[in-house]
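Here's the structure we're looking at; comments come further down.
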Amino acid sequence: MYVVAASEMISGMTSGAVAGAGSGDDEVDAWRARLGWAFGLIAEDPAARAAALAHLDGARRNTWAALERWNELWHLTRPLGPEAQYQEPAFRRAREVYRDMRSHSLPEGLWHGEGARGPGLPYALLFLEWEARFPREWTEHAKTWGTKQSLIRRMAVADHDQPTRAKLIDLVEAVVQRAYRCKDREYVRVARAVDCEDLRLRLGKAAASDNPWARLHAGYVLWLLARPETPNTRHVWRTWLSEASERQPHSAAPHG
């Protein structure tokens with residue numbers, strides 16, 4: 001068990017710090033330098049996706065190697081005591097290397113969270129779009145349900161700019177049309193945050209389609225949008241599903 005790494009990850013996700021970033025254009029450039037390659041993961045061209053996946057595999061191997069070295073030094077320097085340990089040069093350097101390697105990989109590079117704002121936003125949206133459009137590749141190479149949930153919740157705010165709102169509406173539309181995947185239920189938060197006529201029209205079309213998943217999932221989201229005071233819980237979903245099943249002979253995977 002990597003005790004040190006686990007605590008560092010939690011700290012990184014809650015501190016709002018962005019490794020290697022400055023301000024303004026410098027931050028944009030820093031994110032691009034670390035993760036610009038990742039847009040290949042959602043390319044239409046299979047060769048471009050394959051190249052991006054190969055890059056990701058290399059970045060993750062580098063991250064794990066740096067993590068192993070850091071943990072090795074953590075055990076070796078532990079007898080020094082906490083204060084002296086974190087001042088020990090080799091240990092400090094290993095910690096810095098791990099942070100740097102992690103920032104160039106996915107999903108680790110997104111753990112330097114800054115909410116739904118700032119230059120990291122396109123990469124958070126990228127990660128969610130990748131999971132929505134290429135779920136098998138996402139599952140094989142970067143499956144992290146907790147990161148997915150965290151990012152979706154960060155997106156669930158009302159004052160996004162129009163391009164971001166449009167992307168989130170596209171994601172909600174895509175997700176309701178597939179068999180349920182872990183943490184998809186969180187997208188109800190996003191739907192409520194970006195609720196508009198366009199979204200409801202798309203959901204209505206999906207709910208009236210021949211796709212049984214879309215009929216159920218889109219119908220459920222529309223029902224909740226019309227009832228903003230109703231919580232999106234498993235109990236509410238199962239109750240709605242039971243009632244919907246009486247109207248149409250289809251079933252869906254349980255939400256989790």
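Computed from a predicted model, the values in this text were never measured in an experiment. Heads up: numbering here begins at 1 and tracks the sequence.
Within the 4.5 Å cutoff, the side chain of Leu35 has heavy atoms near those of the Trp37 side chain. Side-chain atoms of Lys143 and Pro107, non-hydrogen and from C-beta on, never get closer than 4.5 Å to each other. Leu203 places a side-chain heavy atom less than 4.5 Å from the side chain of Val172. Contact annotation: the side chain of Val236 approaches that of Pro231 to within less than 4.5 Å [non-hydrogen atoms, C-beta and beyond]. Here the side chains of Ile169 and Arg202 are in contact, with some heavy-atom distance below 4.5 Å. In this structure the side chain of Val221 never reaches within 4.5 angstrom of the side chain of Tyr187, judged on heavy atoms. Within the 4.5 Å cutoff, the side chain of Leu199 has no heavy atoms near those of the Glu173 side chain. With a 4.5 Å cut-off on side-chain heavy atoms, Arg95 and Trp74 do not count as touching.
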Audit row: Arg133, Glu44, salt bridge (charged side-chain N to carboxylate O under 4.0 Å, His left out) steps and yes/no
CA-CA 10 Å; Arg133 292 179 56 197; Glu44 295 293 344; 2.7 Å; yes

Yes or no on side-chain contact (heavy atoms from CB on, under 4.5 Å) for Arg200 and Glu197, after CA distance, side-chain angles and deciding distance?
CA-CA 5 Å; Arg200 294 198 184 203; Glu197 182 180 1; 5.9 Å; no

Might you work through the side-chain contact (heavy atoms from CB on, under 4.5 Å) test for Arg189 and Asn232, ending with a clear yes or no?
CA-CA 8 Å; Arg189 297 172 183 263; Asn232 175 34; 5.8 Å; no

Tell me, with the steps shown, if Glu137 and Leu41 meet side-chain contact (heavy atoms from CB on, under 4.5 Å).
CA-CA 9 Å; Glu137 293 175 4; Leu41 296 170; over 6 Å; no

Could you go through the side-chain contact (heavy atoms from CB on, under 4.5 Å) check for Val190 and Leu171 one step at a time?
CA-CA 9 Å; Val190 174; Leu171 282 172; over 6 Å; no

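Cluster membership for Leu225 and Tyr220, using ILVMFWY side-chain heavy atoms within less than 4.5 angstrom, is shared. The hydrophobic clustering, which links ILVMFWY residues whose side-chain heavy atoms are closer than 4.5 Å, places Leu126 and Met155 together. Residues Val188 and Leu241 share a single hydrophobic cluster, defined by chaining ILVMFWY side chains whose heavy atoms lie under 4.5 Å apart. In the hydrophobic clustering of this structure, Tyr123 groups with Leu121; members are Ile, Leu, Val, Met, Phe, Trp, Tyr whose side-chain heavy atoms approach within less than 4.5 Å, directly or through other members. Leu80 is not connected to Leu76 by any chain of hydrophobic side-chain contacts under 4.5 Å among Ile, Leu, Val, Met, Phe, Trp and Tyr, and they are in different clusters.
Salt-bridge formation is detected for the pair Glu131/Arg178: a Lys NZ or Arg NE/NH1/NH2 atom is positioned less than 4.0 Å from an Asp or Glu carboxylate oxygen. Under 4.0 Å is where a charged nitrogen must lie from a carboxylate oxygen, and between Arg61 and Asp57 no such pair does. Between Asp29 and Arg32 a salt bridge is recorded (basic side-chain N to carboxylate O distance below 4.0 Å). The existence of a salt bridge linking Arg69 and Glu72 is confirmed by a sub-4.0 Å separation between a basic side-chain nitrogen and an acidic carboxylate oxygen.
The local environment of CZ in Arg78 is sparse, with at most 12 non-hydrogen atoms from other residues, nucleotides or ligands closer than 6.0 Å. In the displayed structure, Arg136 atom CZ is contacted under 6.0 Å by at most 12 heavy atoms of other residues, nucleotides or ligands.
Among Arg153, Arg181, Arg154, the one residue that satisfies the salt bridge (charged side-chain N to carboxylate O under 4.0 Å, His left out) test with Glu186 is Arg153.
For the atom pair CG of Leu56 and CZ of Arg49, the computed distance is 14.0 Å after rounding to the nearest 0.5 Å. Of the inter-residue distances, the one linking Thr63 atom OG1 with Glu108 atom CD reads 5.0 Å to the nearest 0.5 angstrom. Distance CZ/Arg185 to CH2/Trp237: 10.5 Å, rounded to 0.5 Å. Separating the SG atom in Cys182 from the NZ atom in Lys148 is a distance of 6.5 Å, to the nearest 0.5 Å. With rounding to the nearest 0.5 angstrom, the NE2 atom of His141 is 4.5 Å from the CG atom of Leu53. Once rounded to the nearest 0.5 Å, the distance linking CD1 of Ile42 with CD of Glu129 reads 4.0 Å.
Judged purely by distance below 3.5 Å, without hydrogens or angles, the side chains of Tyr98 and Asn71 never pair a donor atom with an acceptor atom.
Shown here for Asp184 and Ala179, the closest heavy-atom pair between the two residues is OD2-O, 4.2 Å. Here the closest heavy-atom approach between residue Arg192 and residue Leu224 is recorded as NH2-O, 3.3 Å. When all heavy atoms of Ala48 and Ala43 are compared, the pair lying nearest together is CB-CB, 3.7 Å. For the pair Cys196 and Arg165, the tightest heavy-atom approach, listed with the atom from each and the gap, is CB-NH2, 4.0 Å. The shortest non-hydrogen separation linking Phe91 to Gln85 is CD2-O, 3.3 Å. Contact between Glu27 and Pro119 at its shortest, heavy atoms only, is CB-CG, 3.6 Å.
Using modelled atom types, no side-chain atom of Asn62 and backbone atom of Met101 make a donor-acceptor pair closer than 3.5 Å. Side chain of Ser150 to main chain of Thr147: no donor-acceptor pair is present (N/O by atom type, distance under 3.5 Å, no hydrogens or angles). Using modelled atom types, one side-chain atom of Thr239 and one backbone atom of His235 make a donor-acceptor pair closer than 3.5 Å. Looking at Ser105, its side chain never comes within 3.5 Å of a backbone N or O of Arg102 through a donor-acceptor pair.
Aromatic rings of Phe127 and Trp138 (six-membered ring for Trp) have centroids within the 6.0 Å cut-off, being under it.
In this structure, His217 and Tyr180 have perpendicular ring planes: the angle between them is above 60°, well past the 30° mark.
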